[in-house]
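First the structure, in the form of structure tokens, and then the observations on it.
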Protein chains: 2
Amino acid sequence: MKLQQLRYLVEVARQGLNVSEAAEALHTSQPGVSKQVRLLEDELGITVFERSGKRLTGITEPGKAVLEISERILREADNLKRVGEEYAGEDTGSLNIATTHTQARYVLPAVVSRFLGRWPKSPHVAPG
Amino acid sequence: MKLQQLRYLVEVARQGLNVSEAAEALHTSQPGVSKQVRLLEDELGITVFERSGKRLTGITEPGKAVLEISERILREADNLKRVGEEYAGEDTGSLNIATTHTQARYVLPAVVSRFLGRWPKSPHVAPG
DNA sequence: CGACCTTACGCGTTACGTAACTATA
DNA sequence: TATAGTTACGTAACGCGTAAGGTCG
């Protein structure tokens, strides 16, 4: 089960059971959506969409439950990304180092290198 | 962001910040867990685990939020699988067909074939 | 015949496991 | 020195897009 399969599933439902429109809304190909929806149905052992031949004509009872839960999961996944944005910037700041020429020349480089290795997001290292 | 990354993350936290034990509990390799945790942290822009050199020593504040949400997502994912089990069996039954030899010989095969194509889970087709 | 879903297939990406490296206690 | 996490790398699996195939209205 993959998050993207849930997105595909939910989008198909939101687009009035139209796989083509769902694919376009998700900026991907229609066969991809079709396949992933199938795979998810297989994995869950559930038929989510009623099919009349090759058209989707409705949502089954278990399908409704699946869609509800899927939407919850996707909402939570969005929340997860939002956590990143909320806390972004809070662990930033600046660190000034004063020392002698000798230390700066022979000791600092190694120390700074290790520091940058440990905190990869540190953007700026400048003299002055 | 992938569901497995969330599983890895949560398991590491549950195993007392021990990546090796988490890997074993998940029946996978330790480097895999390490890498996926890193990738998730990068994608979210968040440091979940405090690191002292190469040991994990604590959970950051945003990390706690991430873990909470991740656990919710995983619970919901389990619910999804459970929906499958709950409804399993409800759309099963048997269908008996009585007809003439001629029909059975020349018409039935195509019809049965289409039926099986439409309901792939049909396990048994037997004369009787 | 037109719209639309599914299957087939080739390609690029990604995850995973093994091995080697590094750092901490 | 022992333990634990990370990096490197080769392989296998997976997702995706294009093209071809079927089916219903």
(request) For C:dA15, take OP1 and OP2 only and decide whether either is under 4.0 Å from a side-chain N or O of B:Tyr8. (result) no
(request) May I ask you to verify if any side-chain N or O of B:Arg38 is less than 4.0 angstrom from the OP1 or OP2 atom of D:dG5? (result) no
(request) Would you check if B:Val37 and B:Val19 make a side-chain contact, meaning some heavy-atom pair closer than 4.5 Å? (result) no
(request) Starting at the 5' end of DNA chain C, write a dot or bracket for each base, bracketing those in Watson-Crick or G-U wobble pairs whose two distances are under 3.5 Å and using | for partners on another strand. (result) |||||||||||||||||||||||||
In residues 53-62 of chain B, what donor-acceptor pairs under 3.5 Å come from side-chain atoms, sequence neighbours left out?
{"from": "B:Thr57", "atom 1": "OG1", "to": "B:Glu50", "atom 2": "O", "distance (Å)": "3.4"}
{"from": "B:Thr60", "atom 1": "OG1", "to": "B:Thr47", "atom 2": "O", "distance (Å)": "2.5"}
{"from": "B:Thr60", "atom 1": "OG1", "to": "B:Val48", "atom 2": "O", "distance (Å)": "3.2"}
{"from": "B:Thr60", "atom 1": "OG1", "to": "B:Gly63", "atom 2": "N", "distance (Å)": "3.0"}

(message) Using every non-hydrogen atom in the two residues, find where B:Val83 and A:Ala65 come nearest and quote the distance to one decimal.
(response) CG1-CB, 4.2 Å
(request) Round to the nearest Å and state the distance from B:Leu9 atom CG to D:dG5 atom P. (result) 14 Å
(request) Can you see which heavy atom on A:Gln15 is nearest to which on A:Ala25, and at what distance? (result) NE2-CB, 3.8 Å
(message) Without decimals, in angstroms, what is the distance between A:Gln36 CD and C:dT6 C1'?
(response) 13 Å
(message) If I take atom CZ in residue A:Arg7 and atom P in nucleotide D:dC16, what distance separates them, rounded to the nearest angstrom?
(response) 10 Å
(request) Mind checking the CD-CG spacing from A:Gln30 to A:Leu26? Nearest 0.5 Å is all I need. (result) 12.5 Å
(request) Before accepting this row, confirm whether a basic side-chain N of the pair B:Glu71/B:Arg7 lies closer than 4.0 Å to the acidic partner's carboxylate O. (result) no
(request) Mind running a 4.0 Å heavy-atom check of residues 16-31 of chain B against DNA chain D and sending the residues that fall below it, in number order? (result) B:Leu17, B:Asn18, B:Val19, B:Ser20, B:Gln30, B:Pro31
(request) Measure from the side-chain heavy atoms of B:Ser52 and tell me the nearest of C:dA25, D:dG5, D:dG15. (result) C:dA25
(message) Using whole Å, what does the distance between atom P of nucleotide C:dT14 and atom CD of B:Glu43 come to?
(response) 12 Å
(request) Would you mind telling me which residue lines up with the more 5' stretch of DNA chain C, A:Lys35 or A:Leu56, judged by nearest nucleotide? (result) A:Leu56
(request) Could you tell me the separation between the CD1 atom of A:Ile69 and the CG atom of A:Leu74, rounded to the nearest 0.5 Å? (result) 12.0 Å
(message) Nearest whole Å is fine: how far is D:dG15 P from A:Asp42 CG?
(response) 13 Å
(message) If I take atom CG in residue B:Leu40 and atom P in nucleotide C:dT14, what distance separates them, rounded to the nearest angstrom?
(response) 16 Å
(message) I need the minimum non-hydrogen distance between B:Phe49 and B:Val12, along with the two atoms involved.
(response) CZ-CG1, 3.7 Å
(request) To the nearest Å, give me how far apart CG (A:Leu39) and P (C:dA8) are. (result) 13 Å
(request) Calculate the interatomic distance between B:Lys54 atom NZ and D:dT7 atom C1'; express it in whole Å. (result) 8 Å
(request) First locate atom CG of A:Leu40, then atom OG of A:Ser70, and finally report the distance between them rounded to the nearest 0.5 Å. (result) 6.5 Å
(message) Is there, by distance only and without an angle test, a donor paired with an acceptor across the side chain of B:Arg55 and the base of C:dA25 below 3.5 Å?
(response) no
(request) Output yes when at least one side-chain N/O atom of A:Gln4 is less than 4.0 Å from OP1 or OP2 of D:dC14, else no. (result) no
